[in-house]
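A short write-up of the structure that comes next.
Whatever order the structure lists them in is the order used to number ligands and atoms, beginning at 1. Given the structure is predicted, the values throughout are model-derived calculations rather than measurements.
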Amino acid sequence: MQIVHTISDLRDALAGRGRPAFVPTMGNLHDGHLALVRQAKPLGSVMVVSIFVNRLQFLPHEDFDSYPRTLEIDAGKLHAEGCDVLFAPAEKDLYPQPQTFKVQPDPRLADILEGHFRPGFFTGVCTVVMKLLACVFSGGPGTAVFGRKDYQQVLVIRRMVEQFALPIDIVTGDTCRAGDGLALSSRNGYLDDAERAQAVQLSQALRALADAALQLGASLPALEAQAVERLRKQGWQPDYLTVRQRADLLPPAEAPQPGQLVVLGAARLGGTRLIDNLEF
Ligand code: PAF
């Protein structure tokens, strides 16, 4: 596996190697990331992973400085998965000048849910993803794989790729879960033992809300408010627990029908903010 840090070295490493299969990450790789790499590998002729903790998608009070940076360990895991090229730019490599040109996503999709509680988050995500895609796919088309754990992110990126007519297939991977049902996330590492034991309550709350939403005659806003309150009583600080249409993340226009919906949640346990979702 080649490890490259600059955009020009990445382009040299990919020259003449055909269609990239690409998994962008912020590192501190867990089994969820590695499952995406395994899924992506057969979809291209050269497997590329990026590791870059993107300052642009963090608010000033968020965990940019403390976000775990474990490049050597990550490189070992990627080598074992048969990754061909690891792109691990420093900030000065990816943003040699201040990144004053940004990608502004559609506010109808990007200013709700995560974007409401983390203003500017999706501008930061779209800007770095657009730049990473420009670096990885400068030689021609290919495939990029994203995890559905970041459900809204996938939708925003899909729309961006469609609207800019980028020659890139966007493929999504399932959320990987620990044995108790907690969605794998690099931020799970912030949880202490007691919080870790409790953390599964988020996915349980989503499951319960999805089940309740399908009961005839139930008012969705009332059920969502109850779910938020129940989680709060368990010691969480929920941002939202909500049932949305998969296609556009708007509240369901009609009585909830299974197969078209997703329940999404974000909540803080102690100092750790976790997100999760379930399609139903
Ligand atoms: O999902 C992530 O890890 C990040 O948002 C991404 C897509 C790598 C952009 O920084």
Worksheet item: Any side-chain heavy-atom pair from Y151 and I275 closer than 4.5 angstrom?
Response: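 Side-chain contact under 4.5 Å: no.
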
Discussion item. Which residue and atom name correspond to the protein heavy atom nearest atom 3 (O) of ligand 1, and how close is it?
Written reply: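 I find the closest protein heavy atom is M26 CG, 3.7 Å.
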
Practice prompt. Could you find the nearest protein heavy atom to atom 9 (C) of ligand 1 and give me its residue, atom name and distance?
Written response: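 In this structure, atom 9 (C) of ligand 1 has Q57 OE1, 3.4 Å as its nearest protein heavy atom.
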
Worksheet entry | Under 4.0 Å to a heavy atom of P24 - the qualifying atoms of ligand 1, by number |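 Checking each atom against P24, I get 8 (C).
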
Practice prompt. Give the atoms of ligand 1, by number and element, whose distance to some non-hydrogen atom of V128 is under 4.0 Å.
Written response: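 The atoms of ligand 1 under 4.0 Å from a heavy atom of V128 are 9 (C), 10 (O).
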
Discussion item. Please check this pair: side chain of T143 against backbone of A21, looking for a donor-acceptor N/O pair closer than 3.5 Å.
Written reply: no

Fill in: Any donor-acceptor N/O pair, Q215 side chain to A212 backbone, under 3.5 Å
no

Worksheet item: Just checking, any donor-acceptor pair under 3.5 angstrom between side chains of N54 and Y95?
Response: yes

Worksheet item: Regarding T272 and R187, is there a side-chain donor-to-acceptor distance under 3.5 Å anywhere?
Response: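 Not at all, the side chains of T272 and R187 share no donor-acceptor pair under 3.5 Å.
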
Fill in: Region of T25 engaging ligand 1 - heavy atom pairs below 4.0 Å
backbone

Worksheet item: N/O of Q153 under 3.5 Å from N/O of ligand 1, yes or no?
Response: yes

